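Here's the structure we're looking at; comments come further down.
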There are 2 protein chains.
Amino acid sequence: MIKRGIHVRDSRPNERSKRDVVTLKDVARAAGVSPITASRAFNPLQAHKVAPRTRERIFRAAQELGYRTNIPARALRQQRTYQIALVVPYISDSFLPDIVEGIQIEATKSDYSCLLYVTHYDREREYAAFKSLMRKLVDGVIWFPSVSPHPELMDLVRDLPVVQLLHKEHPDAPAVLVDQEHGAYLAAHHLIELGHQHIDALMYLDRHGGQRVKGFQRAISEAAGVTGRVHTASGSDVLDAQRAVEGLLASGFFATGLVCYSDVMAWGAMRALQTAGRRVPDDVSVIGFDNTQLSESLEPRLTTVDQSRLRIGEQAVSLLMKSLSGETCDDLVITPSLVVRSSTQAPPPAGKPGRLRPATDP
Amino acid sequence: MIKRGIHVRDSRPNERSKRDVVTLKDVARAAGVSPITASRAFNPLQAHKVAPRTRERIFRAAQELGYRTNIPARALRQQRTYQIALVVPYISDSFLPDIVEGIQIEATKSDYSCLLYVTHYDREREYAAFKSLMRKLVDGVIWFPSVSPHPELMDLVRDLPVVQLLHKEHPDAPAVLVDQEHGAYLAAHHLIELGHQHIDALMYLDRHGGQRVKGFQRAISEAAGVTGRVHTASGSDVLDAQRAVEGLLASGFFATGLVCYSDVMAWGAMRALQTAGRRVPDDVSVIGFDNTQLSESLEPRLTTVDQSRLRIGEQAVSLLMKSLSGETCDDLVITPSLVVRSSTQAPPPAGKPGRLRPATDP
DNA sequence: CTGAAAGCGCTTACAG
DNA sequence: CTGAAAGCGCTTACAG
């Protein structure tokens, strides 16, 4: 009996399994060329070296056989995996998920995929993530650093392209930052422009808190006759903020504007105010920070500082791509902007709890 | 001059770069063994075949040289990448992020890392994600399927281990599901037990909505003398819910209990009720669904149905690990539970808006 | 425009 | 307990 050998797979009917993989060699054989030529046809930089008709034959064969490039094999040869790692403390909050999502989508455009590592602010876990991603030979890392990372991790960071996100904990790796000081300045300035004379801040003192306090104070000190006090909450939760403002109200809170550390804290602040019978914005104007989903959902809708999370993600990827191609990169500082909604307006006339804004003084 | 050859790296002082990688061969040479033996020392299943003292020597050499396994190379040989892919529509919401986080942490325990693909409910993007992950040779996939996935994607799913998350769109791949019907049943049943006679539901009709409506109706029909109507909102946002309930109030809403599709919608419902002067829970009890962060932040704190997101993630990973080892897997249905907080209590006495609960009827 | 040889770093049988 | 050979699937110079 003569073997025709037209359908190689006939010998294993219905035995398609993942491991029964179609290789470049198979495609080459089917197209009647060498694997080298086949490889070239699939590489955009080399494809022009292959005769158009040959290329077509190769593509058709690949199509018919269901060929898919084996990326790990290519990675081994090229010393390039087309994978980047994302190391972040958490993703269950409205701030980071958007950034992570942006990064993933942006990376996809350059044909990169993202390995995700969640650290829960645990230094050991963070270090473990780095050890793991080095073994995976990722081409680079986008990293939201913990407060003071594991010293050995700091060494690893020197050995591969890393972009830091929002905090610069490592001096040697470039970072995508947001000008926190300016954000808080914008918030306070907005209230000043509306005519507020007594503006307070409700802050939480983490790594960004200090800069925000500074921005707030700069705006206050620039405006003649405006007083501003900074209060700090012991946590950054709704309830922390709510309790803090309850405390302020109990001890004689007379500001007409309140700049908050975050949208979440602004929510808590608004709740304390409203429960105490102070209307927002009629009696007190409130500003948040982050422009999260929440700011649209609150009542009144929240005026807030937007850190433009999408751009943070995009910029982080483009910075990383740059350092992958060997360029040295500087830090990138994004300028936040103010989103004005309904939680801020001119202050009520002095001495009176505000109703509708009167055009003249009493 | 005689070469002592103790420090191989001396020839390239200060030239450590990522590509200047220490290989198993280097370790073997430094330890005076063959690469085969070195390889065995690092493989838990083979390590016992290496003499303890040899093993020690190998480990020490590895330590000194800073050796790290090259996973892509190993993947090529073993046909196993120790990577799984996560394909989800989004991660900017309080529900999925927790699951994704759980999956990542659980996978890490088995030494797997996770490739993240975000699809934004876009079928093309979802299909592209699958094409990409196949080329990466991931060992398996955890997939939150879109409503009716790309037909070609459905074919791909047959070729590798896939576990579906929360929705079963593909008949051949096992799924981790939550008993939605039971969840809504629990919610309605809780109100019935508290003594409510008029209980409404505020639902949103997506893939889970239908089951939740059924569970709600079953609880109602089981209880003698209890009436229950189902209302549906046009969206699942806070404002959609708020407007829906405003509409109900305008057209004579007289239920004392309200089962909502989600925590977010419960928030909107509560806001509409409170704005209209109805107190929660004194006048109306409200129940949410999902037990998200939000349910702790609302005032009053929200009674809600917990889908145990952490367990969903854990179970998805363990199901996937099972199918990786060749076992055939059945679907896994998780039973949700009720978390009782402060937004539910016994109904006010008939005809009166409730104050403190009276012990007897008027 | 096309191909034969060599090698990326690892591990799997097969010998001893 | 240890090692020489072969190969996973791809691509990179080097020839022609």
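Just so we're clear, the structure is a prediction, and the values are computed from it rather than from any experiment. So that the names make sense, note that chain A is the first sequence line, chain B the second, and so on, each numbered from 1. The figures here come from the full heavy-atom set of this structure, side chains too, leaving out hydrogens, waters and symmetry mates.
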#### Entry: A:Arg80 to A:Tyr82 six-membered ring, cation-pi geometry met (6.0 Å, 45°)
yes

### N or O in side chain of B:Thr23 less than 4.0 angstrom from C:dC10 OP1/OP2
yes

### Query
Out of D:dA4, C:dT11, D:dG9, which has the shortest distance to the side chain of B:Ser39?
C:dT11

### Task
Answer yes or no: does a side-chain N or O of A:Tyr67 lie under 4.0 Å from OP1 or OP2 of D:dC10?
yes

#### Entry: Residue among A:Val100, A:Leu166, A:Asp98 satisfying side chain to side chain contact (heavy atoms under 4.5 Å, CB included) with A:Arg309
A:Asp98

### Task
Assign each of B:Val50 and B:Leu76 to its nearest nucleotide of DNA chain D by heavy atoms, then name whichever residue's nucleotide is nearer the 5' end.
B:Val50

### Message
Less than 4.0 angstrom between a side-chain N/O of B:Thr37 and OP1 or OP2 of D:dC1, yes or no?
### Response
no

### Message
Nearest to the side chain of A:Leu24, heavy atoms from C-beta on, is which of C:dG3, D:dT11, C:dC1?
### Response
D:dT11

### Query
Checking only heavy atoms, does the side chain of B:Arg40 share a donor-acceptor pair with the base of D:dG3 at less than 3.5 Å?
yes

### Summary
To the nearest angstrom, the CD1-C1' distance between B:Ile71 and C:dT11 comes to 13 Å

### Query
In whole angstrom, what separates B:Asn70's CG from D:dC8's C1'?
13 Å

### Task
Whole angstrom is fine here: how far is it from CG in A:Asp26 over to P in D:dC8?
11 Å

### Message
When you measure from the side-chain N and O atoms of A:Gln78 to the phosphate of D:dT12, is any distance below 4.0 Å, counting only OP1 and OP2?
### Response
yes

#### Entry: Atom-pair distance (NZ on A:Lys25; P on D:dC10), nearest Å
10 Å

## Note on the structure
B:Asn43 atom CG is separated from C:dG9 atom C1', nearest whole Å, by 15 Å

### Task
Check whether the side chains of B:Ser113 and A:Lys136 place a donor and an acceptor atom closer than 3.5 Å, and report yes or no.
yes

### Message
Quick check for you: among D:dG3, C:dA6, C:dT2, whose closest atom lies nearest to any side-chain atom of A:Arg77?
### Response
C:dA6

### Task
Check whether any side-chain nitrogen or oxygen of A:Gln79 sits under 4.0 Å from OP1 or OP2 of C:dG9, and answer yes or no.
yes

### Test: B:Glu106 and B:Lys109 ion pair at under 4.0 Å
yes

### Query
With ring centroids as reference points, do A:Tyr90 and A:His120 lie under 6.0 angstrom apart?
no

### Query
In whole angstrom, what separates A:Arg57's CZ from C:dT2's P?
8 Å

#### Entry: Sub-6.0 Å ring centroid separation between A:Phe59 and A:Phe42
yes

### Task
Please state how far atom CZ in A:Arg55 lies from atom P in C:dC1, giving the value in whole angstrom units.
8 Å

### Minimum-distance nucleotide (side-chain atoms of A:Thr54 versus D:dG9, C:dC1, C:dT12)
C:dC1

### Message
So if I take every side-chain heavy atom of B:Pro52 and compare against C:dA13, C:dC10, D:dC1, which nucleotide ends up nearest?
### Response
D:dC1

### Pair partner, C:dG3 [Watson-Crick or wobble, under 3.5 Å]
D:dC14

### Query
Separation of A:Arg135 atom CZ from C:dG9 atom P, in whole Å?
17 Å

### Query
Reckon B:Phe42 touches a base, only the sugar-phosphate, or nothing at all at heavy-atom distances under 4.0 Å?
nothing

